[in-house]
Peer 1: 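Supplied in structure tokens, the structure appears directly below.
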Protein chains: 2
Amino acid sequence: MERVTIRTVAAESGVSPATVSRVLNRPERVEAHTRAKVIAAMERLGFQPSALAQGLSRKVTQAIGVLVPGLVDFFFPEWYESVSRAAERSGRRLLLFDAKHSAQRTEEGFAFLAAHRVDGILFCSRPIDPYLPLIRRLNVPVVLALTQSARDPVTAFKVDDVKAMFDAVAYLISRGHEQIALISGPPQDSIAGTTRLQGYRQALRHFRLPLRTEWIGYGGFRFEDGYRAMQELLSAAVRPAFTAVVAASDEMALGAIRCLHDQGLRVPEDLSVMGFDDLRLARMTTPTLTTVAQPFAEIGERATEALIAAIDAGEKYTTGGIHYLPHRIVQRESVLPQGVSTQGALTPTANEGSES
Amino acid sequence: MERVTIRTVAAESGVSPATVSRVLNRPERVEAHTRAKVIAAMERLGFQPSALAQGLSRKVTQAIGVLVPGLVDFFFPEWYESVSRAAERSGRRLLLFDAKHSAQRTEEGFAFLAAHRVDGILFCSRPIDPYLPLIRRLNVPVVLALTQSARDPVTAFKVDDVKAMFDAVAYLISRGHEQIALISGPPQDSIAGTTRLQGYRQALRHFRLPLRTEWIGYGGFRFEDGYRAMQELLSAAVRPAFTAVVAASDEMALGAIRCLHDQGLRVPEDLSVMGFDDLRLARMTTPTLTTVAQPFAEIGERATEALIAAIDAGEKYTTGGIHYLPHRIVQRESVLPQGVSTQGALTPTANEGSES
DNA sequence: TTGTACGCGTTATCAC
DNA sequence: GTGATAACGCGTACAA
């Protein structure tokens, strides 16, 4: 029971290795009878062509590498799904590497994908700029998804984070909220951290609302971060002076909601909470999450298609620049108009001027 | 700017290709001076050894294939994380294939992994039995995780689903519940469907409680399935006659909770709900989920280690049989003792005999 | 210690 | 239409 190769099949079917190869790649150039004979032998032997040898001989692997920050992030599957579909539509496979939110592992990821000679790379970790020189040497086209470069025109697909957060705050304001807190991403994160913070600031300025730094919390996008940030925002007073909170991720929004619950505050009756992402998760909780939706599927699809186009064009690097894809506000249950009493038998909201 | 290979480096550093290869694989067998020279050249040229050529030349790829049913399943990252760690501990990489809950894609997955000459395969889709003949021909060791074979001693790691559900029901009974409904997995699913149903039945019989088929709903483990199943369970009467519901997955439990919420019933005050899995998700909702925890991390780790052991031993198939890893009940908020009033300022539970 | 030559499994370029 | 033969990039006896 040894390894069955193209020449095993050749021997078995009484033809040359070259013919077996032809049956695999250009079946029309081999006589029907011979072809049938070879195919029969392949099945009989359970022959499976080696992708390694193929990739070595052809100069392409038909594989595209995907370098993600972390598989545990809830957004990943929603994005990856569309990438996978787009890749398969063009007959390519994906090689996934999980950087686990580590810079070192990100570099290892590039090395891994380069070693496996992928035809192109989809990158969706932030930040990207430190890896630009590395990418250049790779001699393989790279397209960015959910992230962007500040100083390089690499092709990228994402939402306009500044505008998205601006719109989130504007939405809350349109619902009567004027005291709005923010749970931001990390200040070091120039992609989804500072940008969304900036959007928050711009919105406040635009609507002439005061900016209070004590109403801004920070966290690493996870549930626990949202919980902790909310705790800190609350610590100033038992009754918060703000009426709404926007978080930079759905997970953090859920953490915030849980924190409020533990403090005896109800969402949205006592306080409105808004998320960011619109994960599948956002519809699975009570209350369901009002949030700004990132078009994960579209981002994945567009990015993959752009990468494939670059590959097919033989480009060694992309220069398409940033493509902002439209976000949208999804209204669900976690935000209530301010100053309007709820329809149920609940006590009217009264969370101003009591303590601070 | 052409492809830089082992002989490019050789030329650049004035040695033979063999020496470059040695620097890569047996650095100690090359003089320090030469080594430094070669390494310098490698860095200068940005040399990256081809994993394809390496895999072809050695007979192993140091890669292990992972065939999963669906990346979108919430349990996946929790399991994969530990697999990844175990694999890297032995210096191997993972090749992931997402079968997307399709039988056809599962076969494609085996073909894909075989083509890439992985040294072993971790399989965690159900069912497995249809693929056993295929696996045999692969000539590569396969270990099962989260699933098992009915008629083959392939090594497998999972929880004892019958006992786990038995314990879940026993727990509810210990909390005073005697009317317990079930949201089961699909009756066609012999791994996580019928087994857990069987555990439910055994528990009822053991505690001499009547089995009511109208208290059993079915679904495909997803949120929406849980919602729909709950609707059906509820349809008999406005006020359900049961006081607790166990679901075969956390997701379905959340769906059930949401359904109850939409019907104006509170969890756990009016009805207790218990999940199955203990996903990260289970701590992110309100109420948090009382559930039976699967040891995902341990399953992933043990399975991976077993596979690596088989690989190192040169085995072409595994015969370790099923290893049941211990589950445990995690008490959180979604289950309340029956007949005991809650501690808060909530109205006492009264969900019997009012309507039906 | 270092270099030469062959094999790994496949494709591609030739002749036949 | 089919069959030798030379790459593809690397590892490894074997010889030097």
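A note on names: the letters A, B, ... follow the listed sequences, proteins ahead of strands, and every chain is numbered from 1. These numbers were taken from a predicted model, which means no experiment stands behind them.
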Peer 1: Check the side chains of B/Thr5 and B/Arg7 for a donor-acceptor pair under 3.5 angstrom, ignoring hydrogens and angles.
Peer 2: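 No, because no side-chain N or O of B/Arg7 sits under 3.5 Å from a partner of the opposite role on B/Thr5.
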Peer 1: Is the ring centre of B/Phe74 less than 6.0 Å from the ring centre of A/Phe74?
Peer 2: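 Ring centres of A/Phe74 and B/Phe74 closer than 6.0 Å.
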Peer 1: Strictly below 4.0 Å: does A/Ser16 bring a side-chain N or O up to OP1 or OP2 of D/dT2?
Peer 2: no
Peer 1: Taking all atoms of both residues into account, what is the closest heavy-atom pair of B/Leu325 and B/Arg302, and its distance?
Peer 2: CD1-NH1, 3.8 Å
Peer 1: So if I take residues 30-46 of chain A and measure heavy-atom distances to DNA chain C, which residues fall below 4.0 Å?
Peer 2: none
Peer 1: Counting N and O atoms only, with roles assigned by atom type, does the side chain of A/Asp73 sit under 3.5 Å from a partner on the main chain of A/Phe76, one being a donor and the other an acceptor?
Peer 2: no
Peer 1: Would you please classify the geometry between the B/His323 ring and the B/Phe157 ring as parallel, tilted or perpendicular, with 30° and 60° separating the classes?
Peer 2: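 If you compare the ring of B/Phe157 with that of B/His323, the planes turn out parallel.
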Peer 1: Over the length of the helix from C/dT1-D/dA16 to C/dC16-D/dG1, how much do the five-pair end axes diverge, rounded to 10 degrees?
Peer 2: 40°
Peer 1: For A/Glu88 versus A/Arg93, what's the shortest heavy-atom pair and its separation?
Peer 2: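 That closest heavy-atom pairing would be OE2-NH1, 3.9 Å.
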Peer 1: Can you give one letter per nucleotide of nucleotides 5-16 of chain D, going 5' to 3': B for a protein heavy atom under 4.0 Å from the base, S for sugar-phosphate only, - for none?
Peer 2: ---BBBBBB---
Peer 1: Of the non-hydrogen atoms in B/Gly220 and B/Pro186, which two are nearest, and what is the gap between them?
Peer 2: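 Looking at all heavy atoms of both residues, the closest pair is CA-CG, 4.1 Å.
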Peer 1: Quick check on salt bridge (charged side-chain N to carboxylate O under 4.0 Å, His left out): which of B/Arg92, B/Arg85, B/Arg89 does B/Glu305 satisfy it with?
Peer 2: B/Arg89
Peer 1: Looking at every non-hydrogen atom in both residues, tell me the closest pair between A/Thr318 and A/Ala310 and how far apart they are.
Peer 2: CG2-CB, 3.9 Å
Peer 1: Kindly indicate whether the side chain of B/Val15, heavy atoms from C-beta on, has any atom under 4.5 Å from the side chain of B/Val30.
Peer 2: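 No, too far: nothing below the 4.5 Å cut-off.
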